[in-house]
Amino acid sequence: VLVESHGEKDDSNEGTVVDFRGNPVDKSKTGGWLAAGLILGSELSERICVMGISMNLVTYLVGDLHISAAKSATIVTNFMGALNLLGLLGGFLADAKLGRYLTVALSASITALGVILLTLATTIPSMRPPYCDDYRRKHHECIEANGRQLALLYAALYTTALGGGGIKSNVSGFGSDQFDVGDPKEEKAMIFFFNRFYFGISLGSLFAVIVLVYIQDNVGRGWGYGISAVTMVIAVAVLICGTPWYRFKKPQGSPLTIVWRVLLLALKKKNQPYPSHPSLLNDYDNRKVPYTPRFKFLDKAAILDDNCAANAEKNNPWLVSTVTHVEEVKMVIKLLPIWSTCILFWTIYSQMTTFTVEQATIMHRKIGSFVIPAGSFSAFLIISILLFTSLNEKVFVPLARKITHNPQGITSLQRIGIGLVFSVAAMVGAAIIEKERREIAVEKEVKISAFWLLVQFFLVGAGEAFAYVGQLEFFIREAPDRMKSMSTGLFLSTISMGFFVSSLLVSIVDHVTNRNWLRNNLNKGKLNNFYWLLAVLGFLNFLVFLIFASRHQYKMQLPIEPESGEKELKGLNGETIQDREKKASLQAVGEVEP
């Protein structure tokens with residue numbers, strides 16, 4: 001029987017890895033690429049479902065439900081925003097109570113239910129307004145879908161978002177649990193895990209935007225979404241069948257409880273003086289992470305006052321925190337500056353699912369007699385991602401290893417920075433192309449080829465190949481082990497906030513420009529100005545990112561058995577843990593400058 005957490009656990013259980021019966025794992029029979037592959041099937045199916053919805057939903061909203069382009073874009077970005085924001089909830093439940101396995105299984109089932117509801121919402125005739133011919137559409141006489149007709153659609157979308165968020169925040173963490181970083185052979189496999197993970201789910205995305213989008217447009221929405229639902233049901237069955245091969249880490253109780261408890265105790269003890277040396281803080285000798293001098297005010301949560309010492313209550317977490325808990329909270333706070341600068345990348349990315357698809361609908365899309373569905377142009381985004389993900393693993397990383405002598409090749413922050421540069425370049429290209437497209441369409445009444453959109457798809461795809469993998473790796477590696485699922489949820493919240501910022505920007509621009517930039521008829525609008533706005537914001541965001549990244553100190557682990565003669569563990573700058581901690585201790589007592 002799977003071991004679940006029933007409340008907050010002792011740190012003595014932290015990092016415990018068991019099999020599905022709750023016994024210590026047999027590494028020859030559990031974990032590795034087989035287990036990770038079965039787990040990632042859930043994310044593959046989730047990506048098929050979500051990409052099949054998001055990349056072509058705007059054409060359904062505008063074409064079938066007769067909703068305006070700006071409002072349709074907002075519906076899509078709000079759906080994607082909610083899906084990724086709910087990743088925080090999924091991460092919290094996994095870390096606090098359910099564990100990653102149960103959370104993924106339940107979330108996948110909820111996603112299947114949501115897509116089944118969406119199949120019904122797009123199939124039942126009464127859920128759509130009357131058909132609108134070209135003449136009435138041209139004169140803006142189409143009847144927009146009413147609240148009753150949209151109710152089932154919204155229920156389906158947000159049920160899917162609830163399940164998808166739970167999968168996204170846990171499946172990568174659960175997959176990485178299948179590798180033991182203490183084993184050199186498995187650690188080597190772990191280095192490529194995130195790249196191959198993203199390559200695999202990108203294949204699912206490619207299937208969705210080529211096959212499912214075509215089926216939605218040419219066979220029927222019900223068929224397209226129905227296939228997605230069946231895929232999700234199969235993924236749930238595969239996940240459950242693979243149970244005997246998985247490694248499970250026991251949930252350690254609510255990580256949010258630790259965070260707010262440390263903050264509360266630090267505030268409560270704000271008037272107490274710092275000890276003469278950090279070693280006098282509670283449980284310093286048993287700490288599981290190195291002591292750091294940053295955010296020193298949090299150290300007060302671990303100060304042993306006379307009352308605690310006299311009553312032997314140093315083990316009561318509500319009266320005094322341990323150094324380990326304080327350092328874990330510091331780790332979370334250190335993630336926030338980078339978190340804030342990742343948001344705008346996803347704001348730019350969201351344009352690929354909304355206005356770029358709208359552009360494709362009024363451009364030349366024929367190859368011979370075959371008309372390519374507007375949503376299927378997103379395939380070039382996925383192809384770009386696959387190309388650069390492969391180049392990362394086969395070319396860029398090995399080359400960077402030789403130059404930097406770093407096992408990672410390039411660091412997670414360097415990956416993110418490269419992704420941000422690509423996103424800014426994409427918006428510059430998109431603005432130039434849209435200006436030319438509109439001028440030719442208005443002045444010469446000629447539709448230019450939709451293949452010009454490949455420029456922005458290619459650049460955003462290249463950026464995502466770097467940024468997604470870099471962000472995922474950064475948030476999982478840099479967060480405390482007990483908070484791995486919640487930190488993945490924190491990463492997904494950057495995607496969420498990016499989509500919500502897009503919705504906000506669309507609303508602000510629509511209001512400030514008197515609907516002059518973002519029109520239903522793109523030939524009468526100035527979408528290129530919106531793209532230029534995103535390019536400028538992206539460049540300023542990149543400069544802020546460079547400042548934060550230059551100040552970030554990567555997480556370090558304490559040696560497990562320092563007396564065994566093993567090599568000292570080093571940080572990315574080559575500094576040993578012992579050197580770092582000695583320096584930190586001296587800084588804490590004011591003997592050297594930070």
Side-chain angles (χ1 to χ4, degrees), residues 2-5 13-22 25 27 29-47 84 86-111 163-181 186-187 189-201 204 232 235-253 255 468-469 471-473 475-477 479-492:
L2 287 172
V3 178
E4 294 180 25
S5 174
N13 287 330
E14 189 171 345
T16 301
V17 182
V18 297
D19 62 16
F20 75 109
R21 292 189 175 90
V25 296
K27 289 170 63 174
K29 297 179 180 179
T30 61
W33 282 111
L34 172 62
L38 294 173
I39 292 166
L40 296 184
S42 299
E43 176 61 12
L44 176 69
S45 299
E46 183 270 341
R47 185 54 67 97
N84 289 287
L86 287 166
L88 276 174
L89 175 63
F92 169 77
L93 289 175
D95 285 338
K97 183 72 175 176
L98 298 178
R100 295 181 189 116
Y101 170 78
L102 286 179
T103 305
V104 171
L106 289 173
S107 298
S109 303
I110 293 171
T111 302
I167 295 173
K168 279 180 174 292
S169 60
N170 290 285
V171 74
S172 56
F174 189 32
S176 66
D177 286 344
Q178 308 311 308
F179 301 94
D180 179 8
V181 293
E186 293 195 13
E187 184 181 24
M190 177 71 174
I191 292 174
F192 293 108
F193 169 73
F194 294 111
N195 250 6
R196 292 177 182 176
F197 159 68
Y198 198 58
F199 184 88
I201 62 175
M232 199 72 244
V236 174
V238 169
L239 178 72
I240 294 173
C241 289
T243 302
W245 289 284
Y246 302 145
R247 297 174 187 173
F248 303 87
K249 285 190 177 180
K250 299 178 182 179
Q252 298 298 312
Y468 190 103
V469 174
Q471 289 176 37
L472 184 61
E473 181 182 6
F475 282 98
I476 286 183
R477 282 181 176 268
D481 290 338
R482 77 166 78 234
M483 302 180 187
K484 189 180 286 188
S485 291
M486 195 184 80
S487 66
T488 308
L490 190 64
F491 153 60
L492 293 173

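Side chains included, hydrogens not; waters and symmetry mates left out as well; all remaining heavy atoms used.
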Kindly say whether [Y] contributes a backbone atom to a donor-acceptor pair with the side chain of [X] at under 3.5 angstrom?
X	Y	result
Asn84	Gly165	no
Ser45	Met232	no
Thr243	Ile240	yes
Tyr101	Arg247	no

### Message
Any heavy-atom pair between the side chains of Trp33 and Leu38 that's under 4.5 Å?
### Response
no

### Message
Could you tell me if the side chain of Tyr246 sits less than 4.5 Å from the side chain of Ile39, heavy atoms only?
### Response
yes

### Task
Quick one: do Val171 and Leu40 satisfy side-chain contact (heavy atoms from CB on, under 4.5 Å)? Show the steps, please.
CA-CA 7 Å; Val171 74; Leu40 296 184; 4.3 Å; yes

Can you give me every donor-acceptor pair (side chain of residues 104-111, partner residue at least two apart or in another chain, under 3.5 Å) with its distance?
from	atom 1	to	atom 2	distance (Å)
Ser107	OG	Thr103	O	2.7
Ser109	OG	Ala105	O	3.0
Thr111	OG1	Ser107	O	2.9
Thr111	OG1	Gly164	N	3.1

### Task
Go through the structure and list residues passing side chain to side chain contact (heavy atoms under 4.5 Å, CB included) with Leu86, not counting sequence neighbours.
Leu89, Ala161, Leu162

### Task
Starting at OG of Ser42, measure out to CG of Leu239 and round the result to the nearest 0.5 Å.
4.0 Å

### Message
Among residues at least two apart in sequence or on other chains, which ones pass side chain to side chain donor-acceptor pair (under 3.5 Å) with Gln471?
### Response
Trp346, Thr494

### Query
How would you list all residue pairs meeting salt bridge (charged side-chain N to carboxylate O under 4.0 Å, His left out) that involve residues 166-175, not counting sequence neighbours?
Glu43-Lys168, Glu46-Lys168

Nearest non-hydrogen partners of [X] and [Y], listed with the distance:
X	Y	result
Ala235	Gly41	CB-O, 3.8 Å
Ala94	Asn170	CB-OD1, 2.8 Å
Gln178	Ala36	CG-N, 4.0 Å

### Query
Mind checking whether Phe248 and Phe174 have parallel, tilted or perpendicular rings, split at 30° and 60°?
tilted

